[in-house]
Amino acid sequence: MSRKKAKKLIIKTKLEIIPTTPFHFDSTIYKPGHFSTTDTEWIAGKRWQTTLWQEETLGLLFEDKGTLMKPKINLYVFSERKLTKDFLRSVRNEMVYRFNLDLDLKEFIDSFKHDLVLRACLKKLKGMRPMTHGSLYDYLVIAIVLQNAPVRRSVSMMQSLFENYGVLLRYDRKELYCMWKPEVMANVPEEELRKLKIGYRAKSLIRVSKPFARGEINEMELRKKSPEEQKKILLGLYGIGPQSVGYIMGDIFHHWDFLEHISPWEGKILSKIIFGTKIDRPVSEKKLLEFFEKYEKYKALAANYIWEDIFWKRKTQKIDWLEKEIRL
DNA sequence: CATCAGGGCCCTG
DNA sequence: CAGGGCCCTGAT
């Protein structure tokens with residue numbers, strides 16, 4: 001696949017964000033458990049991330065300029081043309097939402113800082129927020145390429161989708177792909193996608209893109225609806241089932257208590273960490289869900305802290321049993 | 001070489 | 001509500 005010519009984003013604007021405290025920059029801004037894609041790059045203290053926001057292809061750079069208790073982020077917005085104040089404000093607000101920079105963690109931390117399981121996680125990751133860098137549509141695309149595939153294959157599917165339908169951006173001496181507009185994907189013939197080795201997911205990708213292309217799903221409106229309504233609408237999308245919805249309810253809609261389902265591969269890992277079971281002898285899903293009951297309205301947030309903790313650990317030390325489970 | 005499961009979901013009976 | 005089939009890939 002030949003590389004596209006990159007679109008240059010020559011206008012650079014600096015915005016400032018003061019997150020709520022405590023704020024842990026790196027564990028919020030970067031998730032080692034997520035598979036890596038070419039729309040983003042991370043080094044300690046910095047994350048580059050492209051985004052399609054209100055039809056505008058943007059390059060973002062988040063820079064850590066603060067501390068745990070005195071946090072500050074410089075958010076640089078790179079664009080092709082000059083942006084209005086209102087537009088920039090909307091970008092800022094959206095990033096505060098997506099990265100949960102206004103989340104109040106105090107109650108959660110106070111309630112569980114002595115919890116046997118969470119104690120260690122909080123010690124290291126206190127101030128971390130769950131985060132998803134992109135829109136609901138971005139997330140649905142990722143959810144679809146994840147399905148029934150080893151991580152490695154998901155990565156290559158995502159890459160060929162970017163190469164064929166994404167927009168290559170050049171900013172801050174980086175070249176990164178940006179998400180395509182839903183209307184692009186909505187009109188791709190299924191055969192064309194299948195040639196990219198997307199497999200049967202091609203149908204889901206196209207069908208999920210259509211209501212977004214037609215403006216029938218408005219993410220901002222959806223955020224205001226009840227969890228029940230959100231769930232119903234998501235499950236109505238072809239190719240989106242309970243597992244994907246479980247992720248979306250937390251990551252996109254910020255329901256920290258939504259934990260209805262733990263998939264087998266996740267169950268194996270959590271069971272080992274929480275109950276010390278052998279990796280191939282996990283406790284039942286039911287027992288895991290019962291365990292998380294004690295975290296009440298923070299069930300999903302607690303699971304997220306445990307999850308991120310193990311993947312951060314994996315970055316610095318080798319965890320043999322985990323390597324086998326992830327199967328890169 | 002064949003077989004199989006993998007970070008699910010849809011459809012059928 | 002259980003179970004087969006689905007694209008493709010790399011592991012066995």
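Chain identifiers are assigned alphabetically (A, B, ...) following the order of the sequence lines, protein sequences preceding nucleic acid strands; residue numbering begins at 1 within each chain.
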Aromatic rings [X] and [Y]: how do their planes relate, parallel, tilted or perpendicular, breaks at 30° and 60°?
{"X": "A/Phe23", "Y": "A/Phe25", "result": "perpendicular"}
{"X": "A/Tyr305", "Y": "A/Phe108", "result": "tilted"}
{"X": "A/Trp312", "Y": "A/Trp42", "result": "perpendicular"}

(message) My validator wants the stems of DNA chain C: runs of 3 or more consecutive Watson-Crick or G-U pairs, both distances under 3.5 Å, written as range with range.
(response) B:2-6 with C:8-12, B:8-13 with C:1-6
(request) Could you list where the contact with chain A starts and ends along DNA chain C, reading 5' to 3', using a 4.0 Å heavy-atom cut-off? (result) C/dC6 to C/dG10
(message) Quick check: is A/Leu58 connected to A/Ile10 through a chain of hydrophobic side chains (ILVMFWY, heavy atoms under 4.5 Å apart)?
(response) no
(message) Is there a path of hydrophobic side-chain contacts, each under 4.5 Å between heavy atoms, that joins A/Leu116 and A/Phe291?
(response) no
(message) In whole Å, measure the gap between the P atoms of C/dC7 and B/dC1 for me.
(response) 24 Å
(request) Please measure how far the C1' atom in B/dC4 lies from the corresponding atom in C/dG4, and state the result in whole Å. (result) 15 Å
Side-chain donor-acceptor contacts of residues 205-212 of chain A below 3.5 Å, not counting sequence neighbours, with atom names and distances?
unit_1   : atom_1 : unit_2   : atom_2 : d
A/Ser209 : OG     : A/Tyr137 : OH     : 2.7
A/Ser209 : OG     : A/Leu205 : O      : 2.7
A/Lys210 : NZ     : A/Ala186 : O      : 3.0

(message) Less than 6.0 angstrom separating the ring centers of A/His133 and A/Phe99, yes or no?
(response) no
(message) Does anything in residues 232-269 of chain A come within less than 4.0 Å of DNA chain B? Heavy atoms only, and list the residues if so.
(response) A/Leu237, A/Tyr238, A/Gly239, A/Ile240, A/Gly241, A/Pro242, A/Gln243, A/Ser244, A/Trp265
(request) Output the residues of residues 138-148 of chain A in contact with DNA chain B, where contact means a heavy atom of the residue under 4.0 Å from an atom of the strand; sort by number or write none. (result) A/Leu146, A/Gln147, A/Asn148
We want to know whether [X] and [Y] form a side-chain donor-acceptor pair, criterion being a heavy-atom distance below 3.5 angstrom.
{"X": "A/Glu308", "Y": "A/Ser27", "answer": "no"}
{"X": "A/Arg201", "Y": "A/Ser154", "answer": "no"}
{"X": "A/Ser135", "Y": "A/Arg98", "answer": "no"}
{"X": "A/Tyr139", "Y": "A/Asp251", "answer": "yes"}
{"X": "A/Glu94", "Y": "A/Gln54", "answer": "no"}

(request) List in chain and number order the residues that pass salt bridge (Lys or Arg N to Asp or Glu O under 4.0 Å) with A/Glu16, two or more places apart in sequence or in another chain; answer none if no residue qualifies. (result) A/Lys72
(request) Pick base, sugar-phosphate or nothing for A/Arg194, based on heavy-atom distances below 4.0 Å to the nucleic acid. (result) sugar-phosphate
